[in-house]
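Written below as structure tokens is the structure these notes are about.
Numbers here are sequence positions counted from 1. Counting starts at 1 for both ligands and their atoms, following the listed order. Hydrogens, waters and symmetry mates are skipped; everything else that's a heavy atom, side chains included, is used.
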Amino acid sequence: MRIMKPSWHFRFIGLLAIATVIWLVMPTATADDELPVIEAIVTSAPQVPPPVNRDHPAKVIVSVDTTEQVGRLADGVEYIFWTFGGTVPGPFIRVREGDLVEFHLNNRPDSKMPHNIDLHAVTGPGGGATSSFTAPGHTTQFSFTALNPGLYVYHCATAPVGMHIANGMYGLILVEPEDGYPEVDREFYVMQSEFYTKGDFGEEGLRPFDMDEALAENPDYVVFNGSVGALQGDNAIRAEVGETIRLFVGNGGPNLVSSFHVIGEIFDTVYVEGGDLLNHNVQSTLVPAGGSAIVEFKVEVPGKLHLVDHSIFRAFNKGALGTIDVQGESDVAVYSGQQYEGIYLPEGQAEQLVGEAHAAPASPKAASAEERILFGQRVYERNCLACHQAEGQGLTGAFPPLAGSDYLLNDPKHAIEVLLDGLQGEIQVNGVTYNGVMPAVRLSDEEVANVLTYVLNSWGNDGGVIEPSDVASYRGTN
Ligand SMILES: [Cu+2]
């Protein structure tokens, strides 16, 4: 969700304003402990607070507001988000192993719902949920010691839990190991989640939550950082060639497991599930619902890298896409770019065959023109549809249309030659030039007659019949 305008610069200023940016190290001894007190620096995605850079534990104070507010889910689509800190995902919290975290949860007076927080970094009942139940206009406090290092999800756990999560109440807390993580050039915060709305993907207006879809685990949206496009275009992550990048990846769910992948990169290192286990040279890593992963890679060449959930319909049809825009000098030894494009004819045109190549089954003999059309449809679906498309409409720039094709209809019998011998070189179809390769098809006389008769009688074409004898006479076999 974006509340602020997407200017990168502006967002950064904005998040600094939202975040409590007081780097107050007050080594004052308090009554209950001897730890120095630090106000946590928190950031909005995709920014990550700086490393804690301490060699001793501290008492870290974190204060987060819960809100209920309308925001952008996709272009033209709005949603009532329930949030930690006014953003989805909520603020990134960064502490050190052994720190005492004093957590304040403030529920805004204009909220309609109570909220609480379950941080997976907490050792204790409900991960803090039982101690942080907060009515609208109230504030609560609890403390925990961050015993285990790692990257942890936090989320609201107020009933109905699934609905609070589905509406946007999750984020990440990083507990750095005592010695910290190795230095990298850039760190980013990326969190996947799903949205279940009344209406389909992209349906405009303010879309309410859809409980039936949530129960069926069938979301309309799967997104990174709370909205479609939150990491694209002007909001893309930027990096320079040669830099090392660390992504703190979380999955708020509420239901789906992510197959997190960056197109055009290989993860040099993955902190599996956000813990201590290191894996290397990984293409896609699983991020469970309510889980995380830390991935690191060096960017060697310029270009756009695309973050996806490799359950790929989610990426290209439901929004799970982000971009890392890498600028800098190319390195043709690592990646050349396209070096050649041309026509590929390994064994000469006549040998280019598609269709039931070897075991050509005995094709049924059509007893009437109607049957020829019917049988021809099956031949078409198996042998032609992939290129010429379901309605014979072709594909702009690649495959000419068979629906309303002047090339075909001016001389239907010529199509026998096209099928049996294939076709290549420039042709004009309805005034458009095509210069592709139509492979010869290995079909029986009956099948060629059937498919061409089907084509001549479909999609508004003006009819006609091709007989098997026409095909046979072209072959010169009768
Ligand atoms: Cu809640």
| task | Look at Lys298 together with Glu243 and state whether they make a salt bridge at an N to O cut-off of under 4.0 Å. | result | no

| Any ion pair linking Asp75 and Arg72 (charged N to carboxylate O, less than 4.0 Å)? | yes

| task | Determine how many protein N/O/S atoms sit closer than 2.8 Å to the Cu ion (ligand 1), leaving waters out since they are not shown. | result | 4

Mind listing the side-chain donor-acceptor pairs of residues 172-181 below 3.5 Å, one per line with the distance, residues two or more places apart or on another chain?
unit_1	atom_1	unit_2	atom_2	d
Glu176	OE2	Val52	N	3.1
Glu176	OE2	Arg94	NE	2.6
Glu176	OE2	Arg94	NH2	3.0

| said: For the aromatic rings, using the six-membered ring if either is Trp, is the centroid distance between Phe248 and Tyr271 under 6.0 Å? | reply: no

| said: Between His164 and His155 (judged by ring centroids, cut-off 6.0 Å), do the two rings come close enough to count as a pair? | reply: no

| request: Could you point out which residue of Thr134, Asn106, Asn107 forms a side-chain hydrogen bond (donor to acceptor under 3.5 Å, both in side chains) with Thr140? | output: Thr134

